[in-house]
Amino acid sequence: DRFQKEEVIFEGKRAVRFSSTTTLDEGLFTVSFWVDPDTHLVLQSETKMPNLVKGQPDLVSIATQFRYNEEPPAGIFD
């Protein structure tokens, strides 16, 4: 599916949110990214997979601590 784009305020600053929802066997799967419109760096990513029977998310994953222009720690990709 295609990503929807909207300008939002994220933690008091301008940002662009890209989100997409697709149907999987388990229900609706939604992924969203908040991006700085000037630097294009990802500010936050969020993944949701709701349970249609319960009507609430079974899985929610939020990442906010992205690090750019740094060497990864030794052994991280071993």
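Note that the coordinates shown come from a computational prediction; the quantities given were computed from them, not determined experimentally.
F3 has its side chain within reach of V31: a pair of non-hydrogen atoms, C-beta onward, lies under 4.5 Å apart. At a threshold of 4.5 Å between non-hydrogen side-chain atoms, the residues F33 and V16 do not count as touching. Between V35 and F18, the closest side-chain pair of non-hydrogen atoms falls below 4.5 Å. Side chains of Q44 and F10 form a contact here, defined as non-hydrogen atoms less than 4.5 Å apart. For the pair W34 and E46, the minimum side-chain heavy-atom distance is below 4.5 Å.
How far OG of S32 is from NZ of K48: 7.0 Å, rounded to the nearest 0.5 Å. In this structure, the separation between CD on E11 and CG on L43 is 7.5 Å, given to the nearest 0.5 Å. Rounded to the nearest 0.5 Å, atoms CD1 (I9) and CZ (R17) are 13.0 Å apart. Between the OG1 atom in T21 and the CD atom in Q4 there is a gap of 8.5 Å [rounded to 0.5 Å]. How far CZ of R2 is from OG1 of T22: 14.0 Å, rounded to the nearest 0.5 Å. Here the OG atom belonging to S19 is positioned 12.5 Å from the NZ atom belonging to K5, to the nearest 0.5 angstrom.
Around atom CD of E6, more than 12 heavy atoms belonging to other residues, nucleotides or ligands sit under 6.0 Å away.
The pair D36-R14 fails the salt-bridge criterion, with no side-chain N (NZ, NE, NH1 or NH2) lying under 4.0 Å from an Asp/Glu carboxylate O.
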